[in-house]
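As structure tokens, the structure follows; a few thoughts come after it.
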Amino acid sequence: MLAKDKKKVDPWGLPSALDPDIHLYYYPKDINVEKFSSFAEKKHQKTKLYDQIINLFFNSILDPDQMENMGDTKFLNFSDKTDQEKWCQNPPFTAVKNYIVSRETVSTNNQNLNDESTSVQPTTLMLHVHKVMNNGYGLATTENSEQLVNTLKAGDRVWFYVVPFTLKNEIVYAQVVENNWGYSVCDLKSVETKAENRIDAPCKYFGKCSGCQLQMITYKDQLEFKQKSVEFSFKHENSNFINSEIVVNEVIGSPKQFGYRTKLTPHFDLFKWMPREQTSIGFNYINRREVLDIEECIIGTPHVNSGLTETRKITKNNFDTFKRGATLLIRQTESLNETFVLKPKDMVTETVSTISTLNIDEQIYNKQMQLLDDLKSEKGFTGDLDTVSYKFQFQASSFFQNNNSVLPKLVHYVRYQIGLANKYRLENKFPEIKYLVDAYCGAGLFAIGCSSDFEKVVGIEISKESISNAKNNSLGIKNCEFYQGDASNIFEKVKQTDGSINFSPNQTAVIIDPPRKGSNPQFLNQLVEYAPAVIVYVACGVPAQARDINYLVRNGSVVLNPTETKNAENKPLYKISSIQPFDLFPQTFHVENVVTLIRIN
Ligand SMILES: C[S@@+](CC[C@H](N)C(=O)[O-])C[C@H]1O[C@@H](n2cnc3c(N)ncnc32)[C@H](O)[C@@H]1O
């Protein structure tokens with residue numbers, strides 16, 4: 001999909017990134033957010049983001065000595081705003097040069113450029129890939145690092161190319177498909193010099209389909225990439241984390257690396273001019289809004305793949321009942337008579353097992369984590385582990401995590417983190433944690449999965465269906481209550497003094513698991529004002545999560561160095577006790593991340 005079709009709205013009212021996929025959400029240090037209303041200012045802001053991306057890029061390709069040798073060459077910093085705005089209107093020379101080169105090349109092939117009907121094919125460029133960005137695209141230039149270092153002068157601009165399915169240090173051939181401010185998006189044509197770690201991708205659609213980005217590296221390399229990508233989200237240059245010593249743990253992998261997705265959403269477009277038998281049902285081609293016909297998706301479970309075969313057949317026989325096209329929904333269920341469902345209102349059942357009784361001994365925890373690996377893996381569970389299974393029922397169209405194989409570990413980890421926070425707090429003479437608030441609770445995964453560790457649990461969720469599912473899922477579990485509403489309303493509820501729900505913040509753990517766009521200042525302010533004993537922030541949108549936690553650092557609620565707490569004016573203070581990524585999405589660039597914040601005063 002083209003970047004322009006994917007306009008994402010940053011909840012903070014800022015353009016979220018130059019290209020939303022570059023995943024650089026941040027709060028500007030020096031700019032008044034209120035002012036970002038006019039187009040010109042947004043443009044200026046976008047340029048600043050580009051500036052930031054380039055800085056990051058150079059920081060990663062140049063070693064500090066080289067930087068020093070370049071004296072005060074600040075070729076990456078725009079000198080003033082006028083310069084930036086001018087530049088926005090006039091893309092840098094390299095891009096223009098490359099574009100002209102394309103036209104010239106075509107022209108020497110005797111095509112008439114003045115003929116409007118002639119489609120000018122862009123030339124294939126040879127590019128050097130310098131790094132893989134968080135979105136799985138390689139960041140490349142026409143020059144290699146050495147040439148860049150040797151030839152760039154102060155004031156020069158570099159034009160970047162972003163190319164999917166490429167790896168660091170590769171030389172590739174690529175074709176520009178879209179130009180943006182400062183960079184062009186390319187299709188990969190071929191890999192001239194392969195990186196040592198490149199492997200053959202197992203999927204026949206890989207390289208064309210936009211669904212997976214990382215099948216060309218081993219799973220071990222994928223986990224390493226994701227760990228770095230989480231680190232990068234926290235430590236980008238406008239973040240307070242940049243000079244901190246925060247540690248991102250190794251990513252906890254998925255027991256299943258293929259055949260794990262319990263939900264698929266293929267789609268199709270109908271065009272008047274297109275014969276029905278040629279209509280594709282599948283996922284978008286990379287970089288395009290055009291559907292690639294997909295008969296099998298190897299990251300999907302066998303059951304959803306049976307669903308895919310079935311739904312493709314039904315849909316092809318019924319194209320006439322659709323006007324323009326549709327997105328189809330296939331979801332795996334454990335219901336007795338069915339293995340998959342195809343209608344949005346169908347009910348889906350999934351089981352998630354967890355350890356019966358939480359034990360916060362590190363060795364026991366580690367052993368249990370290993371055993372949980374087998375729970376949903378191919379070989380099946382053989383270990384001696386006392387587990388409890390919860391059944392979750394939800395509407396096929398409602399939210400539920402899509403990789404069931406890793407959920408037991410995720411839930412166990414969240415419980416363990418709260419257990420450790422409780423231990424720390426008890427050792428420091430704080431009262432025991434007895435209550436749990438699950439904000440953004442969906443069908444109740446964490447509220448129910450953690451319920452045995454607490455006296456009372458409340459969940460809040462905006463979706464009516466999900467909250468009704470959560471209530472049903474907790475039937476028989478006496479200590480859980482669920483409310484429909486905006487997550488920020490939960491603070492009024494838990495502060496009630498009429499005795500119905502009265503959670504002393506000092507004894508309360510809060511789990512937040514917002515959608516990909518993250519939280520917002522209103523919610524975060526209320527959260528720290530409520531001041532729970534521990535906050536577990538679960539996120540599938542890590543850049544937004546890093547932005548939110550950075551906001552808490554900036555407003556003084558989270559301290560990066562817990563020993564420097566002298567200036568705290570009696571406000572609640574938190575330390576980051578752990579940053580733990582989980583791979584819920586093998587073969588793709590996505591990663592889930594859990595950050596635990598323990599209140600230290
Ligand atoms: C990433 S899902 C997490 C659900 C659940 N924790 C789980 O793991 O299954 C985010 C959930 O937040 C809900 N949501 C979105 N905005 C919300 C809001 N303002 N207040 C409460 N819930 C919200 C969505 O409906 C969705 O169920």
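Every value quoted in this text rests on a predicted model; they were computed, and no experiment measured them. Read the numbers this way: they start at 1 and go in the same order the structure lists the ligands and their atoms. Hydrogens, waters and symmetry mates are skipped; everything else that's a heavy atom, side chains included, is used.
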Residues forming a salt bridge (charged side-chain N to carboxylate O under 4.0 Å, His left out) with E350, sequence neighbours excluded: none

Within 6.0 Å of NZ in K495, more than 12 heavy atoms from elsewhere: yes

Qualifying residues under side-chain contact (heavy atoms from CB on, under 4.5 Å), relative to Q370, sequence neighbours excluded: none

Working for side chain to side chain donor-acceptor pair (under 3.5 Å), residues Y260 and N404: CA-CA 7 Å; Y260 67 86; N404 194 316; over 6 Å; no

Protein residues having a heavy atom less than 4.0 Å from any atom of ligand 1: F399, Q401, Y440, C441, G442, L445, F446, E461, I462, G485, D486, A487, D513, P514, P515

Within 45° cone and under 6.0 Å: K434 NZ/CZ vs F503 ring: no

All salt bridge (charged side-chain N to carboxylate O under 4.0 Å, His left out) counterparts of E296, not counting sequence neighbours: none

